[in-house]
Peer 1: 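Please see the structure below; I have some questions.
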2 protein chains.
Amino acid sequence: MPKETRKQEIIRVAAKLFKNKGYSAVTMRDLAKAMDIKAASLYNHISSKQAILQDIIIAIAEDFTTGMQQIMDSDTNSIGRLEQVIGLHVKIATENTDGLAALNSDWMHLENKLEYYLKLRNAYESNYLKIIQKGIAQNEIKFVKPDVLMFSMLSTLRSLYLWLPKKEIVNQQELTESLSQILIKGINK
Amino acid sequence: MPKETRKQEIIRVAAKLFKNKGYSAVTMRDLAKAMDIKAASLYNHISSKQAILQDIIIAIAEDFTTGMQQIMDSDTNSIGRLEQVIGLHVKIATENTDGLAALNSDWMHLENKLEYYLKLRNAYESNYLKIIQKGIAQNEIKFVKPDVLMFSMLSTLRSLYLWLPKKEIVNQQELTESLSQILIKGINK
DNA sequence: TAAATAAACTAACAACTGTTAGTTTATTGT
DNA sequence: ACAATAAACTAACAGTTGTTAGTTTATTTA
C-alpha cells in the first residue's frame, strides 16, 4: 500500500479539526499544534488554508459524481438504483467521515472552486430526481411529491457523517439494508 | 402587535448572516454593515457576539423542549405523537429558518451555554426514542432499529431549514402531511 | 562523501478581530 | 423647555489571523 505523504497527513488532520469546529474557526496554528509542528512549517506542504479545504471537498464531490454516473449506467430499475445510491452514501460516509463533515458544513467557503462544486452538486441532484420520477412513471414507486421525497432521503444520507461516529463498529452492508428498509420500503409498491 | 426592538432587529439580521457564512466567519463589522451602522454601535444593544448566538439558539432549543413536553403530555398514540413532532419541526423551521440554521451549524460555539444546550437536546432525543420504542412495543410501528429510525426522521426534520427557502410559499399544513406520508406511512402497520 | 531534497525552524508582516471609552446627536416624556 | 434616554459616532486597544522570507537540520540519492 502506498504510504501517506506528509501533505495527505496534514489534510487528514485538518478535516478532523474542521469537523469539530468548522473551517473558519480552525486556525493554521491550531492545525500546526495538532501536527506538532509550527504553523509556518505547514507551508512546506500545502499552499494555503483555502487549498486544504478545496482538496478535501472537491475529492469527495467527484467521488459522488463518479458513483452516481455508474449507477445511472447500471442495468437496474428505480428501486435498485435508489438502493445503490444509499450504498454509495454509506460507503463514502464510512470511509471519509471527517471530509464529509467539511463538505456539508463548509462548502460555502470554497471561493475559487465554489462554482465547480455547485455544478457537481446540481448534476447529482438532477440525476437523483430523474431516478425518482422514472420510478413513479413506471409504477415502481408510490406517488409522492418527487422533490419532497428527494429532500427527505438526501437529508438522511447527508447526515450520516453525524451519526456514524456514535456507533462503535459499522457494518456497511447491514447499515445500507437498514436504511433501505426505512427509506424505501415505505414508498415501495 | 409589539414592535421589534433594535436588539431584536440586530439578532434577526445576525441570524441571517450566520446562516449564510456561519457564526465564526461573520465579523461584528459585517453585522454592523448589514445594519448600516458602525460596529461599536452594536454594543449599545447587545453585550457580545457570543450573547447573540446564545440568544438565537437557546430560544429555539427551549421552543423544541416546550413543544415536545406538550406532545408527551397529549392523549395520543405513537403515530399521532410522531405526526405532532413533524408538525412542531415544520412550525419552528417555517417561523425561524435563519435561527434554526445557526442552531444546527453553530451550537458547538455556545461556550457558556453549551452544556445547557446539550442537556435540552439529549432530553429531546430521549423523548423521541421513547415514542418510537413504545410504538413498536404496542404494535403500532413496524419493527425497525429505533435508533436508525430516529436518526433518519430527525435528519430530515433538522434539514428543513435548508430546504424551505427554496419553496416560494410554504403551506405548513400541506408540508406536514407530505412529510408524514413519507416518514410515517412507510413504517406504519 | 557530496549533492540534493524534504521538512522543520525563528522572526516578522500587515490586516483583521472583538471590544471599550468617551462623545455627540436625535427622540421622547414631563 | 428641560431632562432623560436611545442610539449613533470616532478613536483606539491588545490579541489573533494567514502568510512570507530566510535559515537550519535531517534524510535520501548519486
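Just so you know, these numbers use all the heavy atoms, side chains as well, and skip hydrogens, waters and symmetry mates. Order of the sequence lines sets the chain letters (A, B, ...), proteins ahead of strands, with each chain counted from 1.
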Peer 1: Can you tell me how far the CD1 atom of A:I141 sits from the CG atom of A:L149, to the nearest 0.5 Å?
Peer 2: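 Output value for this atom pair is 6.5 Å.
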
Peer 1: Calculate the interatomic distance between B:M28 atom CE and D:dA8 atom P; express it in whole Å.
Peer 2: 13 Å

Peer 1: Pull out every protein N or O sitting under 3.5 Å from an N or O of nucleotides 9-13 of chain D, one pair per line with the distance.
Peer 2:
unit_1 : atom_1 : unit_2 : atom_2 : d
D:dC9  : OP2    : B:K38  : N      : 2.5
D:dC9  : OP2    : B:S41  : OG     : 3.0

Peer 1: In whole angstroms, how far is the P atom of C:dG18 from the CG atom of B:L17?
Peer 2: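 From B:L17 CG to C:dG18 P: 12 Å.
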
Peer 1: Please state how far atom NZ in A:K21 lies from atom C1' in D:dT16, giving the value in whole angstrom units.
Peer 2: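 Atom NZ in A:K21 sits about 12 Å away from atom C1' in D:dT16.
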
Peer 1: For C:dA6, does OP1 or OP2 lie under 4.0 Å from any side-chain N or O of A:H45?
Peer 2: no

Peer 1: What I'd like to find out is whether the side chain of B:H89 reaches to under 4.5 Å of the side chain of B:L154, using heavy atoms alone.
Peer 2: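 Touching, per the 4.5 Å side-chain cut-off.
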
Peer 1: Given side chains that start at C-beta, do those of A:Y117 and A:R121 come closer than 4.5 Å, heavy atoms only?
Peer 2: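 They are in contact (side-chain heavy atoms under 4.5 Å apart), so the answer is yes.
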
Peer 1: Can you confirm whether B:K91 sits close enough to B:E95 that some side-chain heavy atom of one is under 4.5 Å from a side-chain heavy atom of the other?
Peer 2: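 Yes, at least one pair of side-chain atoms sits under 4.5 Å.
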
Peer 1: Rounding to a whole Å, what distance do you find between B:L53:CG and C:dG18:P?
Peer 2: 13 Å

Peer 1: Taking atom C1' of C:dT5 as reference, at what distance in whole Å does atom CZ of A:R6 sit?
Peer 2: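 That distance rounds to 16 Å.
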
Peer 1: Please report the interatomic distance NZ(B:K185) to CD1(B:I79), rounded to the nearest 0.5 Å.
Peer 2: 8.5 Å

Peer 1: Provide, to the nearest angstrom, the distance between the CE atom belonging to A:M35 and the P atom belonging to C:dA8.
Peer 2: 7 Å

